[in-house]
**Q** 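Let me begin by handing over the structure; questions about it come next.
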Amino acid sequence: MMQTLLITDDINNKDWTREVSFIKNDGLVVMPTETVYGLAANALSDKACTNIYLAKNRPADNPFIIHLSHIDMLSDFTKNVSDDAKHLFKTFSPGPLTIILEKKNISDVASAGLPTVGIRVPSHSIAHAFLKACDLPIAAPSANLSGNLSPTTFTMAKNEMMGRVNAIIDGGDCSFGLESTVISCVDNKIVLLREGSISKEAIQDCLGGIKIVSKTVALFGEKVLSPGQKYRHYKTKTDLYLLRESDDYEKLVSLLKNKKVAYILPSYQFKAVVNHNNVNHVNFMFDNMLDYGLKLYKVLSQIDEEKFDLIVAFYPDSNPDGRAICDRLYRSSGAKFLKDIQV
Ligand code: TXA
Ligand code: MG
């Protein structure tokens, strides 16, 4: 077990010497970002990047996203950047967008041997200050053990990474709560690889209305374009089942009368139904898709701390703003829909 420093200083005028020296000595620092907490290391060092794989227990073929403090650093670490990619960065960065580009100078361990690399400029003020102080490209996957929920609070980050890293920086709760949108701009093709809070439509609009291909799910027999798609993600300890808006939810919920259920539901629709049918339950309500996204991992981890028989979560597949949430819920549940099962 490593000794882990908890950094809770006021970040205004903070001296980053200690945190930067961890990074320069191939160590690991957990940093908050606007999406989820990241496990940061020097992206130029094979040793530092190997340490990330060990701390996360991550499969060695799944590359990291590289974080820059400013888009001016792009030309030092990538090549053949298309005008479309530049335009996307100009529009959405700093922010929750990752673009896959041809790499330059970045450790082959960070890119898992691929000739490409994902680049992101976070907008979180602490992430920005820390990256700037490091003055290096920083590899940072989400700060969870491989397969677990991504941390979106300081508590979740501590629970995952205490004893595995040199320091954890407290940035409070993340403001988006779901990982960045990942888009590939290699070989003059634009492909959406992971849904996030920047939607496919927003990207298409930004590029003058062109149609973008989605390869966010690896279908059987298809070549995987993003290694992360092969693995089970966001696993909860409690069994998770999904409820669609089009389901006969009064009937499905009434079948769970004798179970201790944690419901994650939109406040506008389900409150009455669930309250009348089951006394042995807890409801977690959300107001809209933004609210749902930012609370999702936090609520799932809180539920996991208690003893529930199962979790039932609303699957917002009829809402275009719900696509990133559907993607995470689908993977997290292992594609289990309440209407298909016998409980
Ligand atoms: O919001 C985020 O993106 C967070 C914060 C910390 O920035 N990071 C994050 O990293 O979610 P991670 O490692 O959990 O997810 C990175 C995803 C993986 O699915 C990985 O396979 C994909 O990006 N990826 C990374 N480099 C790639 C590449 N060169 N080609 C294709 N996919 C890549
Ligand atoms: Mg992750």
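Order of listing sets the numbers, starting from 1, for every ligand and every atom in it.
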**Q** Looking only at protein heavy atoms, which one is nearest to atom 16 (C) of ligand 1, and how far off is it?
**A** Ile65 CD1, 3.6 Å
**Q** Using a plain distance cutoff, I'd like to know if Arg120 has any nitrogen or oxygen under 3.5 Å from a nitrogen or oxygen of ligand 1.
**A** yes
**Q** Go through it in stages, so that I can follow the logic: the residues are Ser107 and Asp46, the test is side chain to side chain donor-acceptor pair (under 3.5 Å), and I'd like the CA-CA distance, side-chain angles, deciding distance and then a yes or no.
**A** CA-CA 6 Å; Ser107 152; Asp46 290 350; 2.7 Å; yes
**Q** Which ligand 1 atoms are under 4.0 Å away from a heavy-atom of Ser180?
**A** 1 (O), 2 (C), 3 (O)
**Q** Name the residue from Ile52, Asn51, Leu39 that meets the side-chain contact (heavy atoms from CB on, under 4.5 Å) definition with Val165.
**A** Leu39
**Q** Which atoms of ligand 1 have any heavy atom of Ser142 under 4.0 Å away?
**A** 8 (N), 9 (C), 10 (O), 12 (P), 14 (O)
**Q** Measure the distance from atom 6 (C) of ligand 1 to every protein heavy atom, then report the residue, atom name and distance (to 0.1 Å) of the closest one.
**A** Gly38 CA, 3.5 Å
**Q** Using a 4.0 Å cut-off to any heavy atom of Asn62, which atoms of ligand 1 qualify?
**A** 18 (C), 20 (C), 21 (O)
**Q** Could you tell me the residue and atom name of the protein heavy atom closest to atom 28 (C) of ligand 1, and the distance to it rounded to 0.1 Å?
**A** Ile100 CD1, 3.6 Å
**Q** List every atom of ligand 1 that sits less than 4.0 Å from any heavy atom of Thr116, numbering the atoms from 1 in the order shown and giving each element.
**A** 28 (C), 29 (N), 30 (N)
**Q** Are any of the N/O atoms in Lys56 less than 3.5 Å from those in ligand 1?
**A** no
**Q** Regarding Asp108 and Lys103, does a basic nitrogen lie under 4.0 Å from an acidic carboxylate oxygen?
**A** yes
**Q** Distance to 0.1 Å, residue and atom name: give those for the protein heavy atom nearest to atom 7 (O) of ligand 1.
**A** His67 NE2, 2.6 Å
**Q** Contact between Arg58 and ligand 1, counting heavy atoms under 4.0 Å?
**A** yes
**Q** Identify, for atom 5 (C) of ligand 1, the protein heavy atom at the shortest distance, and state residue, atom and that distance.
**A** Thr35 OG1, 3.6 Å
**Q** Tell me which protein heavy atom sits closest to atom 4 (C) of ligand 1, plus the residue, atom name and distance to 0.1 Å.
**A** Val36 CG2, 3.7 Å
**Q** Parallel under 30°, tilted from 30 to 60°, perpendicular over 60°: which one fits the rings of Tyr315 and Phe337?
**A** perpendicular
**Q** Taking the side chain as C-beta and beyond, is there a heavy-atom pair between Trp16 and Ile169 under 4.5 Å?
**A** yes
**Q** Does the pair Arg328 and Arg194 meet the rule for a side chain to side chain contact (heavy atoms under 4.5 Å, CB included), with working shown?
**A** CA-CA 10 Å; Arg328 306 310 190 266; Arg194 182 170 73 184; 3.9 Å; yes
**Q** Give the atom numbers and elements of ligand 1 that come within less than 4.0 Å of a heavy atom of Val117.
**A** 29 (N)
**Q** Looking at ligand 1, does Ala140 have a heavy atom less than 4.0 Å from it?
**A** yes
**Q** Which residue supplies the protein heavy atom nearest to atom 22 (C) of ligand 1, what is that atom called, and how far is it?
**A** Ser226 OG, 3.3 Å
**Q** Do any of the N/O/S atoms of Ser142, backbone or side chain, fall under 2.8 Å from the Mg ion (ligand 2)?
**A** yes
**Q** Using heavy atoms and a 4.0 Å limit, tell me yes or no: is Arg194 in contact with ligand 1?
**A** yes
**Q** Nearest to atom 31 (C) of ligand 1, what protein heavy atom do you find, and at what distance?
**A** Leu225 O, 3.4 Å
**Q** Taking only heavy atoms of Pro141, which atoms of ligand 1 are found under 4.0 Å from at least one of them?
**A** 10 (O), 12 (P), 13 (O)
**Q** Go through the steps to decide whether Asp135 and Val20 satisfy the test side chain to side chain contact (heavy atoms under 4.5 Å, CB included), and finish with yes or no.
**A** CA-CA 9 Å; Asp135 195 25; Val20 171; over 6 Å; no
**Q** Just wondering, are more than 12 heavy atoms of other shown residues or ligands nearer than 6.0 Å to CG in Asn57?
**A** no
**Q** If the cut-off is 4.0 Å to any non-hydrogen atom of Leu114, which atoms of ligand 1 fall inside it?
**A** 28 (C), 29 (N), 30 (N)
**Q** Between Lys298 (side chain only) and Thr152 (backbone N and O only), is there a donor and an acceptor less than 3.5 Å apart?
**A** no
**Q** In terms of side-chain geometry, is the basic nitrogen of Asp327 or Arg323 positioned less than 4.0 Å from the acidic oxygen of its partner?
**A** no
**Q** The test is side chain to side chain donor-acceptor pair (under 3.5 Å); show your working for Glu179 and Ser142 and say whether it passes.
**A** CA-CA 8 Å; Glu179 301 83 350; Ser142 49; 5.0 Å; no
**Q** Verify ring-ring contact (aromatic ring centres under 6.0 Å, His included) between Phe284 and Phe314, making sure each step is shown before the conclusion.
**A** CA-CA 11 Å; Phe284 294 87; Phe314 178 63; over 10 Å; no
**Q** Could you check Ile183, Asp84, Val182 and say which one makes a side-chain contact (heavy atoms from CB on, under 4.5 Å) with Ile99?
**A** Ile183
